[in-house]
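Start at 1 and go down the list; that is how both ligands and their atoms are numbered. Position 1 is the first residue of the sequence, and the numbers go up from there.
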Amino acid sequence: MTAPKKLFIKTYGCQMNVYDSERMAEELGAQGYSETKSVEDADMILLNTCHIREKAAEKVYSELGRFKKLKAAKPDLKIGVAGCVAQAEGQEIMRRQPLVDLVVGPQSYHRLPEMEAKARSGEKVLDTDFPEEDKFEKLKRRPKAPRGPSAFLTVQEGCDKFCAFCVVPYTRGAEVSRPVDRILTEARDLVERGVREITLLGQNVNAYHGAGPQGDMTLAQLIWELDKVDGLERIRFTTSHPNDMMDDLIEAHATCKKLMPYLHLPVQAGSDRILKRMNRSHTAESYLRLLERIRAARPDILISGDFIVGFPEETEADFQATLDLVEEVKYGTAYSFKYSTRPGTPAAERPQVDPAEADDRLQRLQALLTRQQREIQDSMVGREVGVLFEKPGREAGQMLGKSDYLHAVHVADCGRKAGDLARVRIVESRTNSLAGELID
Ligand code: SAH
Ligand code: SF4
Ligand code: F3S
């Protein structure tokens with residue numbers, strides 16, 4: 001018997017990293033690790049990192065620097081770097097920060113137990129391969145510990161789109177879809193453990209084409225299979241690419257009751273000139289027409305998006321086209337970023353926009369997006385929505401949950417527990433949440 005060891009994981013970046021951190025904790029759980037929320041207690045620290053923007057990547061090095069004292073006080077402490085920075089600059093991490101014992105890329109998590117053992121024996125270990133074996137199959141499952149009502153499930157990973165600004169095709173590799181039966185098994189397992197809502201994850205989730213019993217299935221077909229899982233009440237998916245928004249998926253938004261009325265559909269920019277340079281292979285117009293079809297299928301659907309401002313060669317007129325597009329769409333939520341130069345991507349070679357100009361555009365875009373988000377949240381007042389309760393609120397008797405549209409909702413004197421679904425009437429719109437009352 002090995003003595004119980006403590007694992008501290010910190011997760012950066014997207015939801016897929018959240019999912020991956022859960023898997024890594026399970027892997028190391030099988031090695032006798034239990035999770036801790038305190039770095040001081042840890043026998044192993046893992047940073048699950050993101051490489052999408054320069055700031056995200058630089059954070060890793062400053063965070064690592066802070067572990068120096070901890071390691072001096074506890075020589076047995078092992079420090080690992082996982083995720084997309086590990087994939088992109090594994091060697092560089094080892095060179096720049098000698099504290100690091102272990103570097104593991106997103107495709108090699110199933111090899112963590114061996115790597116941990118090697119690190120324990122004093123070796124420095126690095127694995128950033130894209131191995132042939134199916135990592136999802138190799139990942140062990142821990143005993144069926146209960147879980148919260150909402151969970152992520154990766155169904156597709158990697159990207160073949162090569163947008164000119166983006167590192168994901170390099171850090172996550174080529175697009176791969178998991179087979180349908182494995183996803184269903186994992187979904188049923190989650191439901192047994194208390195999960196009521198599953199968000200299907202993929203960098204290009206709507207390009208999903210996993211093997212089913214009679215050939216490949218689309219994402220919509222997978223959703224219909226999940227629809228049959230008893231006890232699973234809500235299905236979501238993210239992130240979608242406008243070019244892979246198939247008819248059957250749009251149709252599912254009209255007909256599948258478990259599929260929630262929320263769609264994250266990044267457009268990035270509103271100028272066709274810039275979209276072309278971004279290698280996005282859609283236009284502003286084709287995006288707007290697509291949204292028309294989606295809204296015809298599900299009129300109340302809440303649309304979410306991602307934007308990049310200050311992409312190389314973006315002019316004020318190009319930026320204005322982005323504002324115009326946003327005015328037309330009306331986003332319920334949105335994430336907007338200043339373009340960040342990523343070495344090795346095609347856009348890094350192009351003439352860059354003045355950073356002060358880009359800052360100014362970002363502020364203008366965010367002001368507009370915040371106003372739209374506010375208006376849509378406020379428009380929920382008086383409406384009846386479904387709410388999945390997740391946890392107790394700060395006040396006695398209060399419960400917090402998420403609406404069908406993913407707004408945070410709290411209900412006072414609720415009398416319901418985490419995992420319960422209820423119909424709720426929205427009575428007030430506050431800063432970051434809605435207040436509601438149960439409808440009997
Ligand atoms: N697979 C998803 C998201 C990838 S990353 C998709 O295709 O939409 C999430 C968001 O980060 C992107 O949508 C984009 O808006 C932003 N992003 C990606 N690379 C970036 C860069 N170099 N600079 C600024 N933002 C970037
Ligand atoms: Fe990156 Fe584009 Fe692929 Fe999204 S579609 S992950 S933005 S390359
Ligand atoms: Fe970041 Fe990698 Fe996700 S770069 S956004 S953690 S796929």
Novice: Should we say atom NZ of Lys118 is surrounded by more than 12 heavy atoms from elsewhere, each under 6.0 Å from it?
Specialist: no

Novice: Which ligand 1 atoms, with their elements, are less than 4.0 angstrom from a heavy-atom of Tyr339?
Specialist: 23 (N), 24 (C)

Novice: Look at atom 18 (C) of ligand 1 and say which protein heavy atom is nearest, naming residue and atom and giving the distance to 0.1 Å.
Specialist: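 The closest heavy atom on the protein side is Ile52 CG1, 3.5 Å.
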
Novice: Would you check if the distance from the ring center of Phe307 to the ring center of Tyr331 is below 6.0 Å?
Specialist: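 Yes.
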
Novice: If you look at every heavy atom in Thr11 and Ser21, which pair is closest and at what distance?
Specialist: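 Here Thr11 and Ser21 meet closest at OG1-OG, 2.8 Å.
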
Novice: Quick one: which ligand 2 atoms are inside 4.0 Å of a heavy atom on Asn204?
Specialist: 3 (Fe), 5 (S)

Novice: Are there protein heavy-atom neighbours of atom 5 (S) of ligand 2 below 4.0 Å?
Specialist: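 Looking at atom 5 (S) of ligand 2, one finds that a protein heavy atom does lie closer than 4.0 Å.
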
Novice: Would you name the heavy atoms of Gln373 and Ala334 that are closest together and state the gap between them?
Specialist: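 The answer is OE1-N, 4.1 Å.
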
Novice: If the contact criterion is a heavy-atom separation under 4.0 Å, does Arg280 count as touching ligand 2?
Specialist: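 Per 4.0 Å heavy-atom rule, Arg280 contacts ligand 2.
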
Novice: Is His51 near ligand 3, meaning one of its heavy atoms is under 4.0 Å from it?
Specialist: yes

Novice: Take the angle between the ring planes of His264 and Tyr335 and call it parallel below 30°, perpendicular above 60°, tilted in between.
Specialist: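 Perpendicular: the ring planes of His264 and Tyr335 meet at over 60°.
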
Novice: How close does the nearest protein non-hydrogen atom get to atom 24 (C) of ligand 1, and which residue and atom is it?
Specialist: Lys338 O, 3.4 Å

Novice: Would you mind listing which atoms of ligand 2 come within a distance below 4.0 Å of any non-hydrogen atom of Cys166?
Specialist: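 Under 4.0 Å from Cys166, ligand 2 has these atoms: 1 (Fe), 6 (S), 7 (S), 8 (S).
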
Novice: Using a 4.0 Å cut-off to any heavy atom of Cys163, which atoms of ligand 2 qualify?
Specialist: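 Heavy-atom distances to Cys163 below 4.0 Å select 2 (Fe), 5 (S), 7 (S), 8 (S).
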
Novice: Suppose we measure from atom 1 (N) of ligand 1 to each protein heavy atom; which comes out shortest, and what is that distance?
Specialist: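 Checking every protein heavy atom, the shortest distance to atom 1 (N) of ligand 1 gives Gln203 O, 2.7 Å.
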
Novice: Which heavy atom of the protein is the closest neighbour of atom 6 (S) of ligand 3, given with residue, atom name and distance?
Specialist: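 Minimum-distance protein heavy atom for atom 6 (S) of ligand 3 reads Asn17 ND2, 3.3 Å.
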
Novice: So if I count the atoms of ligand 2 from 1 in the order they appear, which ones are less than 4.0 Å from some heavy atom of Pro169?
Specialist: 8 (S)

Novice: For His241, take its heavy atoms, then give the atoms of ligand 2 lying under 4.0 Å from any of them.
Specialist: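 Going through ligand 2 atom by atom, the ones under 4.0 Å from His241 are 5 (S).
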
Novice: Any N or O of Arg342 that comes nearer than 3.5 Å to an N or O of ligand 1?
Specialist: no

Novice: Closer than 4.0 angstrom, basic N to acidic O: yes or no for Asp20 and Arg172?
Specialist: yes

Novice: Quick test of your reading of the model: are Asp272 and Lys276 salt-bridged, counting only N-O distances below 4.0 Å?
Specialist: no

Novice: Considering Met16, Arg53, His241, which one's heavy-atom position lies nearest to atom 17 (N) of ligand 1?
Specialist: Arg53

Novice: One thing to verify: whether Asp244 and Lys161 come together as a salt bridge, which I'm taking to mean a side-chain N less than 4.0 angstrom from a carboxylate O.
Specialist: yes

Novice: Is the shortest side-chain N to carboxylate O distance from Glu357 to Arg361 below 4.0 Å?
Specialist: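 Yes, Glu357 and Arg361 are salt-bridged.
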
Novice: With atoms numbered from 1 as shown, which atoms in ligand 2 lie under 4.0 angstrom from a non-hydrogen atom of Val168?
Specialist: 6 (S)

Novice: Is Asp318 salt-bridged to Arg277, going by a charged N under 4.0 Å from an acidic O?
Specialist: no

Novice: State whether Arg178 and Glu186 are salt-bridged, where the test is any N-O pair (Lys NZ or Arg NE/NH1/NH2 against Asp/Glu carboxylate O) under 4.0 Å.
Specialist: yes

Novice: Any donor and acceptor pair, going by atom type alone, linking the side chain of Gln372 with main-chain N or O of Val326 inside 3.5 Å?
Specialist: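 Judged by distance alone, yes, a pair lies under 3.5 Å.
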
Novice: Are Lys78 and Glu116 close enough for a salt bridge, meaning some N to O gap below 4.0 Å?
Specialist: no

Novice: What part of Thr239 sits under 4.0 Å from ligand 2 if we count only heavy atoms: the side chain, the backbone, both or neither?
Specialist: neither

Novice: Check each atom of ligand 1 against the heavy atoms of Pro266 and keep those under 4.0 Å away; list them by number with element.
Specialist: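 Once the distances to Pro266 are compared, the set is 8 (O).
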
Novice: Side chain, backbone, both or neither: which applies to Phe337 and ligand 1 if a contact is any heavy-atom pair less than 4.0 Å apart?
Specialist: side chain

Novice: Are any of the side-chain nitrogens in Arg182 or Glu225 under 4.0 Å away from the carboxylate oxygens of its partner?
Specialist: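 A salt bridge is absent here (no side-chain N lies under 4.0 Å from a carboxylate O).
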
Novice: Can you tell me if an N/O/S atom from Cys159 lies under 2.8 Å from atom 3 (Fe) of ligand 2?
Specialist: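 Given the 2.8 Å cut-off, Cys159 counts as a ligand of atom 3 (Fe) of ligand 2.
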
Novice: Which residue and atom name correspond to the protein heavy atom nearest atom 9 (C) of ligand 1, and how close is it?
Specialist: Asp306 OD2, 3.7 Å

Novice: Which of these, Cys14, Ala57, Cys50, Cys84, has its nearest heavy atom closest to atom 2 (Fe) of ligand 3?
Specialist: Cys84

Novice: Would Tyr33 and Phe8 count as a ring-ring contact (aromatic ring centres under 6.0 Å, His included) if you check the C-alpha gap in whole Å, the side-chain angles of each, and the deciding distance to 0.1 Å?
Specialist: CA-CA 10 Å; Tyr33 279 91; Phe8 175 88; over 10 Å; no

Novice: Other residues, nucleotides and ligands only: do more than 12 of their heavy atoms fall within 6.0 Å of CD on Glu328?
Specialist: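 Check fails, neighbour count at 12 or below.
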
Novice: Show me which atoms of ligand 1 lie under 4.0 Å from any heavy atom of Thr239.
Specialist: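 Going through ligand 1 atom by atom, the ones under 4.0 Å from Thr239 are 2 (C), 6 (C), 8 (O).
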
Novice: Which of the numbered atoms in ligand 2 are below 4.0 angstrom from a heavy atom of Lys161?
Specialist: 3 (Fe), 5 (S)

Novice: Ion pair present between Arg111 and Asp127, side-chain N to carboxylate O less than 4.0 angstrom?
Specialist: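 A salt bridge links Arg111 with Asp127.
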
Novice: Taking only Lys NZ, Arg NE, NH1 and NH2, and the carboxylate oxygens of Asp or Glu, determine whether Arg371 and Glu327 approach each other closer than 4.0 Å.
Specialist: yes

Novice: Is there a heavy atom in Gln203 that sits closer than 4.0 Å to ligand 3?
Specialist: yes

Novice: Less than 3.5 Å between some nitrogen or oxygen of Ile308 and one of ligand 1, yes or no?
Specialist: no

Novice: For atom 19 (N) of ligand 1, what's the nearest protein heavy atom and its distance?
Specialist: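 Protein heavy atom with the smallest distance to atom 19 (N) of ligand 1: Phe165 CD1, 3.3 Å.
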
Novice: Numbering the atoms of ligand 2 from 1, which are under 4.0 Å from a heavy atom of Phe162?
Specialist: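 Answer, ordered by atom number: 8 (S).
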
Novice: Answer with side chain, backbone, both or neither: which part of Gln268 has a heavy atom less than 4.0 angstrom from an atom of ligand 1?
Specialist: side chain

Novice: To which of Ser340, Ala348, Pro242 does the heavy atom nearest atom 22 (N) of ligand 1 belong?
Specialist: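 When every heavy atom of Ser340, Ala348, Pro242 is considered, Ser340 comes closest to atom 22 (N) of ligand 1.
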
Novice: Distance below 4.0 Å between atom 4 (C) of ligand 1 and any protein heavy atom?
Specialist: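 Protein heavy atoms within 4.0 Å of atom 4 (C) of ligand 1 - there are none.
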
